[in-house]
Structure formats: structure tokens, C-alpha cells
Number of protein chains: 2
Amino acid sequence: MLTERQLLILQVIIDDFIESAQPVGSRAIAKKDSITYSSATIRNEMADLEELGYLEKTHSSSGRVPSEKGYRFYVDHLMSPFDLSKADITFIQDAFTYQMLEFERVVQQSARILSDLTNYTSIILGPEVYETKLKQLQIIPLSNYTAVAILVTNTGHVEHRSFTIPVVIQPVDLEKMVNILNEKLYGVAIIDLHRKLRTEILELLRKHTIEYDKAYQYLQAALFEEQSSKLYVGGKTNILMQPEFKDIDKVRALYSMIEEEVEIAHLLRNDTEDIKISIGHENEVSAMQNCSLITASYSLGDDQMGTIALLGPTRMEYSKVISLLNLLSNRMSQTFQSWYYSGPDGKQ
Amino acid sequence: MLTERQLLILQVIIDDFIESAQPVGSRAIAKKDSITYSSATIRNEMADLEELGYLEKTHSSSGRVPSEKGYRFYVDHLMSPFDLSKADITFIQDAFTYQMLEFERVVQQSARILSDLTNYTSIILGPEVYETKLKQLQIIPLSNYTAVAILVTNTGHVEHRSFTIPVVIQPVDLEKMVNILNEKLYGVAIIDLHRKLRTEILELLRKHTIEYDKAYQYLQAALFEEQSSKLYVGGKTNILMQPEFKDIDKVRALYSMIEEEVEIAHLLRNDTEDIKISIGHENEVSAMQNCSLITASYSLGDDQMGTIALLGPTRMEYSKVISLLNLLSNRMSQTFQSWYYSGPDGKQ
DNA sequence: GTTAGCACTCGATTCCCTTGAGTGCTAAAT
DNA sequence: ATTTAGCACTCAAGGGAATCGAGTGCTAAC
């Protein structure tokens, strides 16, 4: 068990290192206002903290640097809550008052806010489209041979895909089909669309169009190809600003990691209500092992929608990042909520 | 005027340097099969070529490096046409045979192809949406207070924007409005939409809806906000692979430059039929002055649509890049063409 | 005109020395 | 029993000096 004094010293060291990115020496600590002991005492405590695994040295005569265990202890027990500046808060509020009526827009804006306010890289995992519901389906002919299919969900999300119209299908058939589909599929969750199309609608359609199979096949290709949830990344170049990434190879590794959308999406998904923090080697992926990843989730009512995250060096401003993620995930959830339950202005 | 031998030597030096990124020495040149002179002779010629400004030394006893004037001469007179490998060609053809029916898709795919095949960064400037024509306008209500407006162009491009419905406007008004708009605006170029809305349609609409002004204002906000042509960037991280960018500051400068979409768009626009090459300081922007930018344009029929470009170090594989850009811009133009004039399969 | 030969240049690498920030330990002070 | 002052020690970083070698320019011979 750590003594009060050790707790204090550990906290001060980590705070200092997070700010300065330089190994912290005993003299520097002794000078702090909150510290009343001499550098020699500090040295003794530091030696103990090192032995306990909370601190490390970069070389035998260097100052101390927090270990991953140190950071873990810090975020669990030590760190003091961060008060966002008035400026930051109004910045966020402002961003959310002006015409935030589209999912994509909210998410992109949020990613941007996060990266701008932290100098880290923000990653936002979009919702599983599956959970939203079909509002309207439309097929708009572009030429005699091509058309664009448009799918609108209740969240205002629009998917579209152009396709060639098979010769055997007449425009009038197409129209009939769309009518039937809209009638039968309105309000159906996107995740169920596929199944429903294949079963219930099949018979119905057969009565009206001769070439159901072909039409079905095309429709499916047109609409259901990429419904995997999207990744929004903000401030990718912020990584370059961090002193721990002055070595270009690390940057390269991290970038190619971020481009692995599938893997990242998997890593991110945070199903809990809480904020989740992964420090250094707590991350499974090797390219991220000198990084920390902090994730929070946003939701619509009780439904988890997606995850917002910040990726930075292990020497991260945990406290600030957590405050920000909390504020922003709430703000996002609120916004989505307001689209459904609020007054005519869509404001709270 | 350069002698035959000088031309040969210059060519060999630049070819070598483009491949190796290392200053080229006289001995290395003398060893090449195509060179029958001794290193001493080469040295004399190199000294002359340096005096003429085509070569430079990095320091007084180093090998030679092409100057920007050298590169310029090389691309204008020296470089031999590059035969793309069978593999590369089939790779491109394959990419274009499978369901390329959306503008975005074609462009994104192309950007990817370019960056993958070259290890440079590709930038594609989308078409001015203005030049395309309105196919259909739709407003789909999402709730009592919100709706999504969708605009489809003849190129299969879909724009959409959610908005709040002003209280004063009834759903039935909305419907009427959309009908009128579709009737009157079908086939109108996007660039003319604005004007037309403001003039001709105004009176017509006034007869039918009470709150035209409000509706107009909302419609406009919903549909015409971001019609600037889009930028598609591929292989941004390829920059990190080039030895001339092992210095992180240069990378940072270049990245923040690329993010200036407006400026880049302006730089890129290539209104000629031909391929345009800007070497080093021929670029106005300082962050690009150790880069070369090669642009080509793609078109629909006789209408220039947009620009595709590759950005790399001045030591670029000009010859290969040019072949690739030629092939790809043609392939893109063809594809767009085929959407309009070809048979039911959309194939040539 | 071409080439061999040689002195010369200069970046890169290595080694050594110095500096200074920081430690650990011991002994004295509280 | 803590705390602190003092001192010897460690090691990274930075600054020459020495060495190496790739490459040049020039001269004289072919």
C-alpha cells in the first residue's frame, strides 16, 4: 500500500511528465509548491516507487518516467478531474447549435472538435446501420439503362448506388416494384431488410413482375453492399506533433494500422456506458503499444449507437480527454435524441 | 546546344538518380552498358552539364544530382516512354470492369489505383457539379419536424441534406413545392438552379404556397451549400516512404498543405487536354517546392470534368506516372462516356 | 579527343573528452 | 526514526579531432 506522500509524489511526477514529456528529476519535484520535502527525500520515495513498478528510468542516471502500471494507477486513483475551459465549452456548444441535422455531419464535426481541442487523433465509429429503420426506398432512372437506387433511413441517413437496369425489366415493372417494396418495408430495420426481402416479399413480387429473380439480385447488389459501420478519423496529422512520434517509422506503423478499418472498428467497439481506457500494452495491436486509446460511447435513447475515441501517446492528458469525451458523447446522444422527441426546432 | 553524348549522359544520370535517390558518380555511369567512355570523360561532361545548370552537386566532392532545370529538360526531351507492365494494365482493367456505376466510386477507385501503383500520393479533383443537370429533386419527411432533401443529377450523383421544416409550412405545401420544382427544373444545369429558382420559379410558387420566402430559404440552405467540387486523396501515407521525406517537418508542411482543399483545388485545375507537369519551384506553394505535381484531365465527351494528379518528390518516375495518368484518365473518360451512349451493359 | 593517374575535398563515421542533470548512498541533523 | 545535506558516481548529449572513402578536377600522356 502506498503512503500519502508516495501518492502525492507519484501524482506530481505524472502530471509533470504529461505536460513536459521530459523525464522528471527529484529536484524539479522538490521545487513544486505542493511538495515540502527535500530532493533527497523525493529521491528515496522515487526509488521505492520505481521498485513497486510505477516509475521507470530511461537510463541509470536519468529522471523518472511513468510506467504503464504508473499510468494505470494514475487514471484509476490519482488524477484530478479536469475543468474544461469556458472557451472550449462554448466552442463545443456553438458547434452543436448550428444545423446539426445529419448523422454524418454530427459525427464529422465531433471528430473534428475532438482532434482540434486535444491535438490527438480522434476516431469515431459510426452506428451499425442495421439498427436504423427504412424510411423510403426510391429508384430514379438516369438513362434507359441505368438508375440510381436511394435508401433513406429514419436517422436521415441516405445510401445510394447506381446500377444498370437489366434489359428484361421494364421501367413500369421497376416502378411497381418500388411501390410494393415501400409499402411492405416501411419502418423495417435495415438489418432485417435482407431476410424480409427474401421471404415475405418474394411471393408478392412474383405476381407483379416477371423477372423477379433478376430484379432481386440487382436490387440487392445496389443496396446492401456496404452496410458496415463507417469510421471517421480526425486530426490524423496531430500524431506528427507528438514528440514521441518524431521517429517516422512509428508514424508509419500507426498510420497503416489506422487504415485497417475493420480491425480498428473491432478494437474500438465499446459496449459499456463507461469510458474505457487502454494504456500502452493493454492494447493488443503492436503498433498501438506506445499509445493510449480512450473510448466512450454515444447512444440514442437506450440503444448504443457507436463509439468515439481518442488516440494519443501513453503520455496523454487523460483527465482532459475524459472530460471532453464525456461532454461530447453526451452532446451527441442528446442531439440524436432531439431528432426524435423534441419540438419543432429540433433543439432541446 | 547539347551534344549527343551530353544528352545520353544526362539521361542516364537522371534515370539512375530517379531509381536510387543517391547522388550519381562518374564511375557508376561509366560502368553502364550504354556508356562506352571512361569515368574521366564522364567527369568532364558532367562538369559541363553542371555549368549549364542541368546538374548539381550536394557538396563539392559529391556525385551529381539533377537540378530542376535538369528534370525539366528530361521530361521535355529525354525521357523514354514507359511501358506499363502487363500486370499493371490488367489490374486497372479489372478494377474498371466490375460495377463502376457511380461517380464517387470511379474516382475513389482511380485514386487508389494511382497511389498503389506508384507509391506517390494521388489527388483527384471532382467535377464541378455545376456542369451536371438536375434529374430529380425529392423531399422525404423523417418526422413531423425534419425532412431530408435529395438531389439527383444525370451523372448519378446524389446530394442530400437534412433540415428542419419551418412550422409555417404544411406537408402538403412541401409536396406541392417539390412537384413544381421537379416539373420546372428537370434537366436544368446545377449551376443555373440558383438563378432559376430565384427568378422564374418564384412567381409560380407564390401562387401555391403562402410561405414561399421561408421555404425558399430553407431549400436553398438544404441543397446548395457545398457544391464546391470535391477532392479525393489516395495514398497520403506514401509520402512517408520517400527518402526525401524522412524529415518529419517537411511531411507536416505537405500534409497541412493537402488539407487546404480550396487551395489545392485551385492548383490542380488543369484545363488543357494535355498532361501538365510542375517541377519543384514551378509550383507556387512553398510546401510543394521539393515536389513535382503531374496532372491530367478527364472528361465527358467534349466537356472537361476534372483533374487527376500525382504528387511526389521531384525525383519522380515521370515516365511511368505519365503513362499511368494517360491510361487512367482515358479509362475514366470512357467510363463516364459509356454511361450515356452505350449499350445496356454499360460496357464498351 | 580520350583516358589514366593523382592530389584534393568533404560528408560520414568513430572515438574521445567534457559537461551537466540526475541518481544512490552515507552520515549528520532533527 | 525521519529527513536532509553532501558527495561520488553514471550516463546521454554535444563538441572536436582523426580516419575513411566516394567522388571530383586537373594534368599529362595516349
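We use all heavy atoms of the structure for the numbers below, so side chains are in, but hydrogens, waters and symmetry mates are not. So you know, we letter chains A, B, ... as the sequences are listed, proteins then strands, and number each from 1. Predicted model only: the values in this text are computed from it and were never measured.
- Contact annotation: A/S26 side-chain N/O to C/dT23 OP1/OP2 distance is under 4.0 Å.
- The phosphate of C/dG24 (OP1 or OP2) has a side-chain N or O of A/K57 nearer than 4.0 angstrom.
- Separating the CD atom of B/E51 from the P atom of D/dC26 is a distance of 10 Å, rounded to the nearest angstrom.
- The shortest side-chain heavy-atom distance between B/V65 and B/F17 falls under the 4.5 Å cut-off.
- Taking atom NE2 on B/H59 and atom P on C/dC8, their separation rounds to 19 Å, with Å as the unit.
- Residues A/L240 and A/Y255 form a side-chain contact, since some pair of their non-hydrogen atoms from C-beta on lies under 4.5 Å apart.
- The phosphate of D/dT3 has OP1 or OP2 within less than 4.0 Å of a side-chain N or O from A/R5.
- Among the protein residues, A/S62 comes within range of the sugar-phosphate backbone only, with heavy atoms under 4.0 Å from sugar or phosphate atoms but none that close to a base.
- Regarding B/I35, its CD1 atom lies at a distance of 15 Å from the C1' atom of C/dT3, rounded to whole Å.
- Between B/S60 and C/dC10, a side-chain N or O to OP1/OP2 separation shorter than 4.0 Å is present.
- For the pair B/E4 CD and C/dG1 P, the interatomic distance rounds to 17 Å; values are reported in whole Å.
- Side-chain contact, A/Y71 with A/S292: no donor N or O sits under 3.5 Å from an acceptor N or O.
- You won't find any donor-acceptor pair under 3.5 Å spanning the side chain of B/S38 and the base of C/dT3, going by distance alone.
- In this structure, B/Q11 contributes its side chain and B/Y74 its backbone to no donor-acceptor pair below 3.5 Å.
- Among the nucleotides D/dA22, D/dT4, D/dG6, the one closest to any side-chain atom of A/R43 is D/dG6.
- Across the protein-nucleic acid pair, A/E45 atom CD and C/dT23 atom C1' stand 15 Å apart, rounded to whole Å.
- When the P atom of D/dG23 is taken as reference, atom CZ of B/F17 falls 13 Å away, rounded to whole Å.
- For A/M46, the side-chain atoms get nearest to C/dT23 when compared with the rest of D/dG25, C/dT2, C/dT23.
- Contact annotation: B/R64 reaches the phosphate of D/dT24 (side-chain N/O to OP1 or OP2, under 4.0 Å).
- Using a 4.0 Å cut-off between a side-chain N of Lys or Arg and a carboxylate O of Asp or Glu, A/E45 and A/R64 do not qualify as a salt bridge.
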